Asker: 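After the structure tokens below, expect a handful of questions from me.
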2 protein chains.
Amino acid sequence: MARVRKTVTIRDVAEDAGVSLQTVSRVVNGGPNVRPQLRDKVRASIDRLGYVPSLAAQRMSGSRSYIILAINDRERTLADWRARLGTDWVDQMLLGGILTCSQHGYRMMVELVDTHSDHVERELGAALSALQPDGVILTPPHSENRLITQLLAERNIPFARIGSNAPGPGIPLTMGDESAAHLATARLIELGHRRIAMIAGPPQYSLSGWRIDGWKRAMDEAGLPHDGLLEVGDFGYASGTRAARALLDRHADLTAIIGSSDQMTLAALEVARDRGLAVPHDLSLISFDNTPIVRFSQPPLTAVDQPIAETVSRAVEQLIARGPDGDDDAVIEVAAGLVERSSTAPPPVEAPAQAHAHAPSRA
Amino acid sequence: MARVRKTVTIRDVAEDAGVSLQTVSRVVNGGPNVRPQLRDKVRASIDRLGYVPSLAAQRMSGSRSYIILAINDRERTLADWRARLGTDWVDQMLLGGILTCSQHGYRMMVELVDTHSDHVERELGAALSALQPDGVILTPPHSENRLITQLLAERNIPFARIGSNAPGPGIPLTMGDESAAHLATARLIELGHRRIAMIAGPPQYSLSGWRIDGWKRAMDEAGLPHDGLLEVGDFGYASGTRAARALLDRHADLTAIIGSSDQMTLAALEVARDRGLAVPHDLSLISFDNTPIVRFSQPPLTAVDQPIAETVSRAVEQLIARGPDGDDDAVIEVAAGLVERSSTAPPPVEAPAQAHAHAPSRA
DNA sequence: GCGCATCTTGAGAGCGTTCTCAAGACTTGT
DNA sequence: ACAAGTCTTGAGAACGCTCTCAAGATGCGC
């Protein structure tokens, strides 16, 4: 029944157009030296037959595979996914990447790799051998994993490091974490807040430090102290609960918290609710990431929007444009923006006065 | 500087183990007739050299490409993604698929295809030619797109249709929409609700009809009327707002709404809030999909959990297991579950009494 | 108008794997 | 112990494409 339709190959096109395989190949790849007349004829044959080159054959013969491989942290991704929290990094990478890849005739694949596994090399190595991608995009925390970057450098595969500005092989891209944190803090200060705490991410992530830096800088610039206003979490919900509790226990005069992830900030929101603190009336909250889950919370969270998709898109372009290795020095920075929703407002009226004139009175 | 490490090929392994290429190939693919002793020797060489077969070469030679292609609706996916609502279908497909694929040595790729485009054939055809996948997974509404299913059948590529139970080529898989809707409705009836409305999805999706069927069946079984209690949306937020308003305008005695998507139900939640209706005290809400965004709304939504990941996983297994074509008759049904959160409760005390004894009095 | 450089086209090899087919080693039955 | 099978191994072609290199066609300077 089901007639097996033979695949259209370059040979079919060559015959149809009455030229050699090589000429068709040149036309397909935009080769430089083909007479316009012949080019058009070949193009017509290609269209008529619906010829599309086989990715596998292209890879076999030429040097390119037309595949960009995106690497994500398996542990975090699967945890978020199983908990039905969404896997925003994967979303953003995949979709940001797919669109840019397809513009250049490339394809994107996603690979999940364990950070803590001793098999990183084997696991990633297998993917590289099987796929032989033309470029690899690393996300935190892999971006700064020596084993991984070395492996890629050794195999001479161009790669991008997102969320890393360290020198070394690979194209470094960052998302303006320092200035984003500074922006968020400055905005709160502008609203009148003086006691602004931060729940930071784990120190293995460079961006955790950058965000702390930005927050401190804004506080310093405004002449505000930040001692004791820092708690560290692991980006997850539970750690956010712990951190928010510790912060609110310690500082009754706190009027704002910046959380270094949506989950942690959402946890802070719940802690506030439990303690009868209205957000944003009594406590302002700013989150990092701006994943889907902060849009429908009550109130919706003001958040720093991580331009992951755009960053990945830039990474793809760099990987495709640069050959085996270009000048790997300049850090590419894509700016993050602040999306204001309803979790931020001026602090309660007595609060600023308190901080200046009186002793704190709230228990 | 960067020494280009030559890729380990099957030839290197053959030399190392002192056997022919063919023998290595047999060992790699679990071929049947190799002496255990030789097999071990070859395995040792493979491990030592870290050999992994090239996907491209495998495809070139053999009949398989070890690629499963998942097709999603571009329009909806990109709209949800740009609106930062999350792309749960892609998430679930990708991750559910990746895990199952990797267990069988396969890889999954995602392709976005326009439903309404006249170029469906060209677009999909190009992807098929380039990738030559061993199997394709179709999601609604593509699952029931004739052009697409015909194209796949013609090319003799095994494919799965998720959310379709129609006869014809391709493996049909459904997620128990009828029984899920019945379950949700029955649960509300059990809580004491008698006026239960439904906001359905667009009729192009078969599953929209199935969900209506389940709702009606439950209502019928309880002897409850359902006339005028149905509104149709397009799964999007705005359509949910419209539908919820219409429903609430029309029926002052309504105590529960089932929304056929998270976005529409979230919209209903907002409409209720605007009208001073407390959820779940005055109005109970049950959603379909259970994507991340319904977990942190206030209150969190009770939702029918669509087992997309599991369904995709089953689809992958079927595609890999069955050869070119198996018996395409039996519909595979993966059951959906109801996740109870805080948007469901018994109706207000006077409401059931009203419905029976008095005329509705609420404006 | 002739020799040289450049542009245009094609022929053939090679990429890494699996397929088909054939040859040798080993069983088994009588 | 010998024929007839089965098991094990290998040799060579093939997959669809791009690479390298060579040959023919065309343009340029004097």
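Chain identifiers are assigned alphabetically (A, B, ...) following the order of the sequence lines, protein sequences preceding nucleic acid strands; residue numbering begins at 1 within each chain. These numbers come from a predicted model, not from an experiment. Keep in mind that the numbers below use all heavy atoms, side chains included, and drop hydrogens, waters and symmetry copies.
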Asker: Given C/dT18, C/dT8, D/dT18, identify the nucleotide with an atom nearest to the side chain of A/R35.
Answerer: C/dT8
Asker: In whole angstroms, how far is the C1' atom of D/dG16 from the CZ atom of A/R64?
Answerer: 16 Å
Asker: Picking from C/dG16, D/dC17, C/dG10, which would you name as closest to the side chain of A/Y51?
Answerer: D/dC17
Asker: What is the separation between atom CG on B/L55 and atom C1' on C/dT17, rounded to the nearest whole Å?
Answerer: 11 Å
Asker: Of A/V52 and B/N33, whose nearest nucleotide on DNA chain D comes first from the 5' end?
Answerer: B/N33
Asker: Rounded to whole Å, how long is the line connecting atom CG of B/D40 with atom C1' of D/dT8?
Answerer: 16 Å
Asker: Check the pair A/T139, A/I71 against side chain to side chain contact (heavy atoms under 4.5 Å, CB included), reporting the backbone distance first and the verdict last.
Answerer: CA-CA 6 Å; A/T139 58; A/I71 310 282; 5.6 Å; no
Asker: Find the distance B/L131:CG to D/dC15:P and express it as a whole number of Å.
Answerer: 21 Å
Asker: From the options D/dA11, C/dG16, D/dC7, select the nucleotide whose nearest atom is closest to the side chain of B/S20.
Answerer: D/dA11
Asker: Any donor-acceptor pair under 3.5 Å linking the side chain of B/S164 with the backbone of B/R161?
Answerer: no
Asker: Less than 4.0 angstrom between a side-chain N/O of B/S25 and OP1 or OP2 of C/dT17, yes or no?
Answerer: no
Asker: Once you round it to whole Å, what is the distance between C1' of C/dC7 and CG of A/L38?
Answerer: 13 Å
Asker: Atom CD1 of A/I46 to atom P of D/dC17: distance rounded to whole Å?
Answerer: 10 Å
Asker: Could you check B/Q22 against A/Y66 and say which one's nearest nucleotide on DNA chain D is further toward the 5' end?
Answerer: B/Q22
Asker: The side chain of A/S63 is closest to which nucleotide in this list: D/dC17, D/dC19, D/dT8?
Answerer: D/dC19
Asker: With a cut-off of 6.0 Å (strictly less than), are more than 12 heavy atoms of other residues, nucleotides or ligands near CZ of B/R39?
Answerer: yes
Asker: Under 4.0 Å, counting only non-hydrogen atoms across every strand here, what does B/V28 touch: a base, just sugar-phosphate, or nothing?
Answerer: nothing
Asker: Let me know the distance between CG of B/L21 and P of D/dA13, rounded to the nearest Å.
Answerer: 14 Å
Asker: Could one point to a donor on the side chain of B/R26 or the base of D/dG10 with an acceptor on the other under 3.5 Å away?
Answerer: yes
Asker: May I ask you to say what B/Q58 touches in the nucleic acid, namely base, sugar-phosphate or nothing, with a heavy-atom cut-off under 4.0 Å?
Answerer: sugar-phosphate
Asker: From CZ of A/R39 over to P of C/dT8, roughly how many Å is that when rounded to an integer?
Answerer: 9 Å
Asker: Under 4.0 Å, counting only non-hydrogen atoms across every strand here, what does A/V34 touch: a base, just sugar-phosphate, or nothing?
Answerer: sugar-phosphate
Asker: With the side chain of B/M60 defined as its heavy atoms from C-beta on, choose the nearest nucleotide among C/dG16, C/dT17, C/dT9.
Answerer: C/dG16
Asker: I'd like to know if the side chain of B/D80 pairs up with that of B/T87 as donor and acceptor (distance under 3.5 Å, no hydrogens or angles considered).
Answerer: no
Asker: Is B/E123 salt-bridged to B/R74, going by a charged N under 4.0 Å from an acidic O?
Answerer: yes
Asker: With a 3.5 Å cut-off and heavy atoms only, can you find an N or O donor on one side and an acceptor on the other between the side chain of A/S61 and the base of D/dC17?
Answerer: yes
Asker: Side chains of A/R76 and A/T115: is there a donor and an acceptor less than 3.5 Å apart?
Answerer: no
